Amino acid sequence: MNKAIHMSLPDATTPTDPSANIVSVRGITKFYGSDVHALEDVNLDFPTGQMTTLLGPSGCGKTTLLKIIAGLLETTSGEVMVKGKAVTSPGPERAFVFQDFALLPWATVTRNVAFGLELTGVPLKEREAKAKSYIDKVGLSGFEDKYPHELSGGVRQRVGLARALAVDADVLLMDEPFSAVDEQNRRKFQEDLLHLLSVENKTVIFVTHSIEEAVYVSDQIVLLSPRPGRIHSIIRPELDRSSSPDDIRRDKVYLDTVEEIWGNIREYLD
Amino acid sequence: MNKAIHMSLPDATTPTDPSANIVSVRGITKFYGSDVHALEDVNLDFPTGQMTTLLGPSGCGKTTLLKIIAGLLETTSGEVMVKGKAVTSPGPERAFVFQDFALLPWATVTRNVAFGLELTGVPLKEREAKAKSYIDKVGLSGFEDKYPHELSGGVRQRVGLARALAVDADVLLMDEPFSAVDEQNRRKFQEDLLHLLSVENKTVIFVTHSIEEAVYVSDQIVLLSPRPGRIHSIIRPELDRSSSPDDIRRDKVYLDTVEEIWGNIREYLD
Amino acid sequence: MKVAGYEIPPVFSLLIWIGLWEVAGRMDLAFILPPFSSVLGELTTLIVRHDFLAAAWQTFQAFAIGMFFAITGGIALGFIMGTNKTANSILGMWVNIFASAPLSSVVPVLMLLFGLGQLTVVVIVVLFSIWIIALDTYAGVHHTSNSLKEMGRSFGANKTQLLFKILFWAALPEILAGVRLGLIRAVKGIVIGQLLLSVVALGRMFRTFSDNFQFEEFWALTLILFVFALLFSTLIGRLESKVEYYAGTRD
Amino acid sequence: PSAFAQDKGTMRVAFGDVPGGEMTNFMIAVARAEERGVKVETVFLKSEDLAAQAIVSGDADIGVGTPYGLIQRVNAPIRMFYQLSMLRFYPVANAEKYKTWKDLDGAKVAVHGRGSGTEALMQVMAKAHGVKYESVSYVPGSGVRAGALMQGRIDVSIVDYERKRLLEREAPGKFVFLDIPDIKATDEALYANTNWLQKEEAAVAILVEELIKTWREINEDPSKIVSLRDKYNVLPDIEKVEVDELLPAFKQGVSINLFPSNGGTAASVQEDFDFFTTSGSLEGNAADLKVNDFWYLGPATAATAKLDAN
Amino acid sequence: MTTTTSPGVVSAESSEGTAGLKLSGLQLRLISIVGFFLAWEISGHVPISPAFPTFSGTMMAMFEMIFDGSLFLAYFETLKPLLLGVGISAFFGVTIGVSMGLNKKSRWLWEPIFVVLQASPVAALIPLITYAYGIGITAKTVAVIILASPIIVLNTYKAVGNASPVLVQMSRAFQGTRMQEIWKVIIPNAAPVIFAGLRLGVAAGFIGVILAELLITPTGIGDIISYNRSIAKYPHMYAAVLSIIVFSAVMVGMLEKAEVKYFRPEKKRGQ
Ligand SMILES: Nc1ncnc2c1ncn2[C@@H]1O[C@H](COP(=O)(O)OP(=O)(O)OP(=O)(O)O)[C@@H](O)[C@H]1O
Ligand SMILES: Nc1ncnc2c1ncn2[C@@H]1O[C@H](COP(=O)(O)OP(=O)(O)OP(=O)(O)O)[C@@H](O)[C@H]1O
Ligand SMILES: [Mg+2]
Ligand SMILES: [Mg+2]
């Protein structure tokens, strides 16, 4: 591959193949009240099985966009298509991982992980078995009966991740899942996440502030401009993900992409 | 320069030149209560005019060591020498920059910046003039009469930095000054800080969790082992700081150092 | 709540309750409940009566003096507890006991100790309000972020500077909240005290009115007390909201 | 008269009730004593036992009530010295449920307080008619009991003559007042510490003289209560309803010999002993009790002698 | 065992490493209690006033009342309206509070009235209660209710109204129904603050029941206080007052313990 980075402004009129894009948003505009204009005419496609990152300066509307996709917020205009159907509320095909974990403080790790299943009425035995398997998958064995306050930030976020995986949704929505985790554990977590996703085959939509993180984990990076959020550019870093994490981080494509995005974002900073 | 990285285990018996090292710590051991053993026999020298970073896994005692140097905590045994004299309490030659900024929420930016001077009895006019000059230096002009709650994290930390600079100490002690600042502003702040320090000629002792940050800003990196904190290794990344930030970040020495440290730290993670 | 597109502020729901009161009063549902309008009518005649004015003034004096001691004492107590561990482990227990004790049972004893005059009422005011002020002040001092204290020390603040330039201001939102709660409790205490002792004027009026079936007067007097209590707590609430911006911004 | 106006001492009087029309005669006497140089301060406490407590602890000098039980039990150097009024209480019952004493077997009865004269009276009557109450509860304040009666919260109680009038006025026919034999016992007396009584002999003498004078004047012509109240401007703040009641109340009071005209005698004390031992407030045998252990009759005897001589 | 600085010999209470001789918090508290009683005993002997008994006299009276059973009878009488009142306040208070937290209209209707009741000296109304509810247990229960319910309602309302929006969103994101959201997230989330409100309600109820016993009709502890005062048995009166303060402190303290134990696992660890 010669050109490592594709940049394009999205074109709302281009017909997209619904089977290729599990989630699409069309012409989304969002106002909070009458004067906070958060998003302006956002059109985006999220290819099935890929990881898309939303990146942009603080307050540009990343969380807003993600919550609209999750069905947690209403749009002012525009629509969200999941598997070709317009949706306006949360559904079983999407699961959310929260920035501040959103764990139930009064429930054990097992109950927290099984909570999504509990809400959909899965019987106790079954959901605990399922929870257990994901607890093992995210590396939480031994923590089953602990309460959230006994866990460190990184471990808590793993619980949040396991909960989202347990409901077996096709799309994972993650809002800065690592921002409350310390830097070193974060790096480890990124590697673990990539590994896990390569096995689980999920579509992931991921919000982050970290350019390196975005470039490191994403198939597609959506760069948003400051409020009202518009799409600034879409970048597809074509990294060779088969190489080791350390090699990726010194890959020329990786470094070029980081530098380019940094150049773009820098102008918006205070 | 052939060998880009010097690694050495410190030797407490080596005589050090007191004029070259503005701060030295000798045989520092710290217990909290009777059973929390935070630091074990730490010996370190901080060369005048250089930037030293304390790096290590969470809970390894970085903050403890920094506060001992600041005179905010007592040692269980061992001593801190500043300019060749043993100290046990805060002094005018050291100034602290706090992780959570530690700004007075009820005071304007100007009063916050001038607060160190206010405590030592500098007359109002004089200290406000001095505060103003540092407010300009850290790029806060126009924010003079704002209150902390009106500022974003990055801006608040600049206030904390200006306050530390205003008292004109020789040594700046910084405890994860950027951890509460968002990633993109953090990167900008790092660059600004380096620039500022090249002008001001301060000795800086800096705690961080970020390996990249440590390598990017430091003359000397002290890697601590998990609790009880001991010195694992001391690394001096010999980067060419005259080149542009983006070039530094793709410098081989930079990348090698990051990778090496990551390799060391990784084994401690949960 | 919205009616016909207009937002109606919550206080207006009080009008509904007052309306119900008026209706109940007019229907003569209970002889202790005269219509609100006649209570209002009585209000105007009541507040110009000279025995009411004397009673109110006397009560207010006791209240003001008591609050002065409660506020200064409570804040001092809170600071001592907040800055000294030993003092906290001793005083904390007593303050907590008295803060939730049924002080109405102590009032009969106070008269034995402090006589029949204003002093007893002053003591009641102090006793009802000082503990909550101390507890809130303590919470404010105790929760002052460690880094703020360390900041002061690292820039060379001495003990006095630490106290007056940092701790006091940092604890101010909690102190004000404590003072507001203390005021409310003090008003309650004064009423309880006067009802139990009738030493001081307002209690005497309550008793006279209820003995003589003068329910208009009784409710008018109650209304005045309610308004007084609300007025005070709103005033302090105003002050509180002025410093609120920084109560929220720290841990 | 200026010779009399010099300071003859101060006395603090503690009432066990809030000020009301029924105190008018006392306050007139006080005003007259003040004209003669005796300073009188009044405090109004919630109940008689608070007043007693004030005397015991020295917060007040003169109390109002009949602290027989207190004097016998605590051995306090406290003595009564002026008989203000006679016990005049009226057992009352809801006319729909009860007609006579006999009906009260198994009834719930509300009286003023434990060990009070009202309880004593009700118990004496129960014994006399051979009935047993289901329970006796304590509801301080005749006004409160009258209110509860009107609301139908209680059915049997005992009220003072003032509330009796009120019940008759507000709910005619709803209640029956049960007859009781003529009881001769003190309702309220003035009492004080013996040391104080000796120390303030002169002032006490003046007060007692004025009390007897006023009592006699009113017994002669109850309508004087209104003119004297205006003349001395006593209790200016009492409610209008009470002012309106003043004349009828005192007229009736005089008609039933409510106000003794000689401040108490050995004979009246003996009658008290009879009543209060029967009721249980006093322990022991009425014949064995000594007048001097409870009363200090000096001032009243002297004043009566002086006034009778004139 | 020669140095005081070696780890392991210092009690966990003291933060500084060398404080081998420091007294623990519990010891200090015991000493202060003993000191208080000693000061009481001495001032009782001085005496401050003939109506001020000594501590030993008070304790004798207390034992006398414990052994003749009158104290237990009195507590039985006092606790009846208290528990009834607190129970009723808890049931309706929590119901109203939850409805206020969940429903705007309910909030609009109830909030101002309960704020007014909470801030005002409602005790002034107790004399009126007698006219409306008589002199029995009903009147006392009502007195407890008017004092205890505002704090319970307001705490519940605050707890439910401030239910963590993140957790609510989480429940929605996992397709929880409104009922599931309320029962599985909002109410458990609010439970600690609701319970704290109940504790405050009990404390307020104590004030109310004592007040009712002193103002309406003397029964229970209130009767012991006023009767013994009327016959000048001051040690008995003081014993009753002391016992009710200790009793309520213990009861409120136990509720606090229960709160920490069952609702605030994070606090339990921290202390
Ligand atoms: N509930 C709300 N009401 C009003 N304005 C809001 C609300 N939520 C968000 N906003 C505003 O909308 C804009 C976009 O918010 P959003 O949280 O989506 O930004 P973001 O990109 O996620 O920011 P960050 O990087 O800080 O998380 C911001 O300016 C924010 O202040
Ligand atoms: N006041 C204290 N009392 C008891 N233990 C403490 C206290 N402060 C810190 N510790 C413990 O001492 C160890 C070192 O703490 P310190 O804060 O210095 O670590 P750190 O390296 O700064 O960690 P982090 O990277 O999380 O900031 C930790 O295990 C911590 O739990
Ligand atoms: Mg966001
Ligand atoms: Mg730290």
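No hydrogens, no waters, no symmetry mates; every other heavy atom, side chains included, goes into these values. Every chain is numbered from 1 and lettered A, B, ... according to where its sequence line falls, protein lines coming before strand lines. Just so we're clear, the structure is a prediction, and the values are computed from it rather than from any experiment.
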Q: Go through Gln161(C) and Glu118(B) one step at a time and tell me if the side-chain contact (heavy atoms from CB on, under 4.5 Å) criterion holds.
A: CA-CA 10 Å; Gln161(C) 285 178 318; Glu118(B) 181 179 339; over 6 Å; no
Check whether [X] gets within reach of chain C through its side chain, its backbone, both or neither, counting any heavy atom under 4.5 Å.
X         : value
Phe96(B)  : both
Arg163(B) : both
Leu103(B) : backbone
Phe115(B) : side chain

Please tabulate, for the side chains in residues 92-105 of chain C, all donor-acceptor contacts under 3.5 angstrom to protein atoms that are two or more places apart in sequence or on a different chain.
residue, atom, partner, partner atom, Å
Trp94(C), NE1, Ser32(E), OG, 3.0
Asn96(C), ND2, Gly92(C), O, 3.1
Ser100(C), OG, Asn96(C), O, 3.3
Ser104(C), OG, Ile207(E), O, 3.0
Ser105(C), OG, Pro102(C), O, 2.9

Q.
Using a 4.5 Å heavy-atom cutoff, which residues in residues 125-141 of chain B come close to chain C?
A. none
Q) For chain B, which residues of residues 65-76 of chain C have at least one non-hydrogen atom nearer than 4.5 Å to it? A) none
Q | Expected output: side-chain Arg153(C) to main-chain Pro90(B) donor-acceptor under 3.5 Å | A | no
How far apart are the closest heavy atoms of [X] and [Y], and which atoms are they?
X         : Y         : result
Pro105(B) : Leu148(C) : CD-CD2, 4.4 Å
Trp106(B) : Ile166(C) : CH2-O, 3.4 Å
Phe155(C) : Ala95(B)  : CE2-CB, 4.2 Å
Leu119(B) : Gly152(C) : CD1-O, 3.8 Å

Q: Report yes if the side chains of Leu104(B) and Lys165(C) come closer than 4.5 Å at any heavy-atom pair, otherwise no.
A: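 Leu104(B) vs Lys165(C): side chains apart.
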Q | Contact check, side chains of Ser147(C) and Phe101(B), non-hydrogen atoms, under 4.5 Å | A | no
Name each donor-acceptor pair under 3.5 Å that joins a side chain in residues 57-70 of chain B to protein atoms two or more places apart or in another chain, with its distance.
residue, atom, partner, partner atom, Å
Lys62(B), NZ, Gly56(B), O, 3.1
Lys62(B), NZ, Pro57(B), O, 3.1
Thr63(B), OG1, Asp175(B), OD2, 3.2
Thr64(B), OG1, Tyr32(B), OH, 3.1
Lys67(B), NZ, Glu150(C), OE1, 2.8
Lys67(B), NZ, Glu150(C), OE2, 3.2

